[in-house]
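One structure below.
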Amino acid sequence: MRRSITTLAATALAATAVIVAGQPVASNAAAEDQVFLVAEAFTYDEGDAVTAAATAASAASACEDTTYALKTWKVGTLTWLYNGDGVPANIASTALNTITTSTNTVAKGTNRCGLAALTTSTYTYGGTTTLKPQVSSTATCTGNDNKSVTGWGTLPTKVLAYTCTYYNAKGIVIASDTLIDNVAYTWFTTKPTNCTGQQYDLETTLTHERLHTAGLGHVDQTTNATQTMTPASSPCDTSRRLLGAGDYAGLKALAGK
């Protein structure tokens with residue numbers, strides 16, 4: 001069946017904001033055949049606001065704050081592919097393993113709070129591909145080929161990564177592409193000693209993006225500073241690689257939908 005795809009964009013505003021669009025992108029189709037699109041960006045905080053808030057919040061608060069934001073989709077079973085074309089040279093040998101770790105963190109609900117593993121969704125690594133994530137350099141979704149590809153490319157200023165997720169009328173994800181910026185920012189998979197400057201943690205970023213794919217939205221940047229689903233990340237921050245109590249509670253709530 002042919003579908004007319006309408007591109008919906010997310011706009012990064014200053015250091016914190018993400019605009020989410022979730023609208024049908026299929027026309028003249030039976031309700032059960034409709035496909036919906038949502039676009040999400042993960043931005044960076046160029047000052048110390050995020051770092052200061054996270055530092056002020058104790059590790060215990062990450063396990064006391066159960067705040068989460070649900071979207072209208074969730075993952076049942078999803079196979080994802082990796083395109084390493086353009087991966088920064090300094091992490092070329094470790095990027096895939098780190099992305100896999102982030103994906104498994106979300107699939108299992110791996111957290112900082114000693115909470116039991118989750119088994120409600122399945123994410124399967126399907127291997128490498130020459131397909132590109134269907135995300136443009138201007139941060140728009142360019143189409144749905146029913147493949148879920150994570151890869152590298154140019155994104156607008158302050159956007160670390162951008163995810164386009166498609167889901168059906170039953171609210172089940174059918175494809176999700178993630179593009180990670182490989183031009184403006186320096187990535188690490190192991191935090192450098194005396195980390196300084198605009199260096200960002202790939203694992204934190206991909207855990208955040210996979211939580212979007214799973215069906216979670218953003219929580220407040222300051223009030224919920226210890227949760228992985230805050231909308232922006234600070235340089236050198238690795239404190240939110242694993243889920244906080246709110247991230248975990250959100251995944252459990254999605255499982256019950």
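- Taking every heavy atom of both residues into account, Trp187 and Thr205 meet most closely at CZ3-OG1, 3.3 Å.
- Of all heavy-atom pairs spanning Arg241 and Phe188, the tightest one is NH2-CE1, 4.2 Å.
- Counting heavy atoms from C-beta outward, Asp177 and Thr165 have side chains that stay 4.5 Å or more apart.
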Would you mind writing out the side-chain donor-acceptor pairs for residues 126-135 within the sub-3.5 Å range, not counting sequence neighbours?
| residue | atom | partner | partner atom | Å |
| --- | --- | --- | --- | --- |
| Thr129 | OG1 | Leu131 | N | 3.0 |
| Lys132 | NZ | Asp85 | OD2 | 2.7 |
| Gln134 | OE1 | Asp145 | N | 2.8 |

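- Within the 4.5 Å cutoff, the side chain of Gln198 has heavy atoms near those of the Pro235 side chain.
- Side-chain atoms of Arg210 and Thr228 form no donor-acceptor pair, as typed in the model, at a separation below 3.5 Å.
- By the rule that hydrophobic residues join a cluster once side-chain heavy atoms approach within less than 4.5 Å of another member, Val87 and Leu81 end up as members of separate clusters.
- Within the 4.5 Å cutoff, the side chain of His212 has heavy atoms near those of the Met229 side chain.
- Taking every heavy atom of both residues into account, Cys113 and Ala245 meet most closely at SG-N, 3.9 Å.
- Here the side chains of Pro192 and Gln199 are in contact, with some heavy-atom distance below 4.5 Å.
- One distance of note links OG1 of Thr154 with CG of Asn182; it measures 5.5 Å at 0.5 Å rounding.
- When the salt bridge (Lys or Arg N to Asp or Glu O under 4.0 Å) test is applied to Asp181, no partner is found at least two apart in sequence or on another chain.
- Linking Ile, Leu, Val, Met, Phe, Trp and Tyr whenever their side-chain heavy atoms come within less than 4.5 Å leaves Val149 and Leu202 in two separate clusters.
- The NE2 atom of His208 lies 9.5 Å from the CG atom of Leu216; values are rounded to the nearest 0.5 Å.
- Judged as a salt bridge (Lys or Arg N to Asp or Glu O under 4.0 Å), and not counting sequence neighbours, Asp220 has no contacts.
- The side chain to side chain contact (heavy atoms under 4.5 Å, CB included) check on Tyr68 picks up Leu70, Ala249, Ala253, with sequence neighbours excluded.
- Under a 3.5 Å cut-off, the side chain of Gln227 and the backbone N or O of Ala62 do form a donor-acceptor pair.
- In this structure, Tyr248 contributes its side chain and Cys63 its backbone to no donor-acceptor pair below 3.5 Å.
- A search for side-chain hydrogen bond (donor to acceptor under 3.5 Å, both in side chains) contacts involving Trp152 returns Tyr82, not counting sequence neighbours.
- Using a cut-off of 4.0 Å between Lys/Arg side-chain N and Asp/Glu carboxylate O, Lys191 and Asp201 are scored as not salt-bridged.
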**Report entry** CA sep, side-chain torsions, deciding dist, call: Thr163, Thr178, side chain to side chain donor-acceptor pair (under 3.5 Å)
**Finding:** CA-CA 4 Å; Thr163 294; Thr178 296; 2.8 Å; yes
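- Ala161 and Glu209 get closest at one heavy-atom pair: CB-CG, 3.9 Å.
- Here Asn224 contributes atom CG and His218 contributes atom NE2; the two are 12.0 Å apart, rounded to the nearest 0.5 Å.
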**Report entry** side-chain contact (heavy atoms from CB on, under 4.5 Å) between Tyr125 and Thr103, intermediate numbers included
**Finding:** CA-CA 9 Å; Tyr125 173 54; Thr103 305; over 6 Å; no
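- A donor-acceptor contact shorter than 3.5 Å links the side chain of Asn111 to the backbone of Gly114.
- Leu251 is connected to Leu78 through a chain of hydrophobic side-chain contacts under 4.5 Å among Ile, Leu, Val, Met, Phe, Trp and Tyr, so both are in one cluster.
- Side-chain contact between Leu243 and Leu211 is present, with at least one heavy-atom pair separated by less than 4.5 Å.
- Taken to the nearest 0.5 Å, the NZ atom of Lys170 stands 11.5 Å off from the NZ atom of Lys74.
- Counting only N and O atoms by type, the side chains of Ser176 and Thr213 include a donor and acceptor under 3.5 Å apart.
- Proximity of Ile180 to Leu155: side-chain heavy atoms (C-beta onward) are nowhere separated by under 4.5 Å.
- Between the side chains of Thr72 and Tyr167, at least one donor N or O sits under 3.5 Å from an acceptor N or O.
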Distance-only donor-acceptor hits, side chain of residues 93-100, under 3.5 Å, sequence neighbours excluded:
| residue | atom | partner | partner atom | Å |
| --- | --- | --- | --- | --- |
| Thr94 | OG1 | Ile91 | O | 3.4 |
| Thr94 | OG1 | Thr189 | OG1 | 2.8 |
| Thr98 | OG1 | Thr94 | O | 3.1 |
| Thr100 | OG1 | Leu96 | O | 2.8 |

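- Here Leu179 contributes atom CG and Ser137 contributes atom OG; the two are 9.0 Å apart, rounded to the nearest 0.5 Å.
- No side-chain heavy atom of Tyr162 sits less than 4.5 Å from a side-chain heavy atom of Thr140.
- At a cut-off of 3.5 Å, with distance as the only test, a side-chain donor of Arg240 or Thr230 sits close to an acceptor on the other residue.
- When atom types are taken as modelled, the side chain of Ser102 and the backbone of Glu203 share a donor-acceptor pair closer than 3.5 angstrom.
- To the nearest 0.5 Å, atom CG of residue Leu118 and atom OG1 of residue Thr120 are 5.5 Å apart.
- Ring centroid separation for the pair Tyr123 and Trp80 does not come in under the 6.0 Å cut-off.
- Using modelled atom types, no side-chain atom of Tyr166 and backbone atom of Ala175 make a donor-acceptor pair closer than 3.5 Å.
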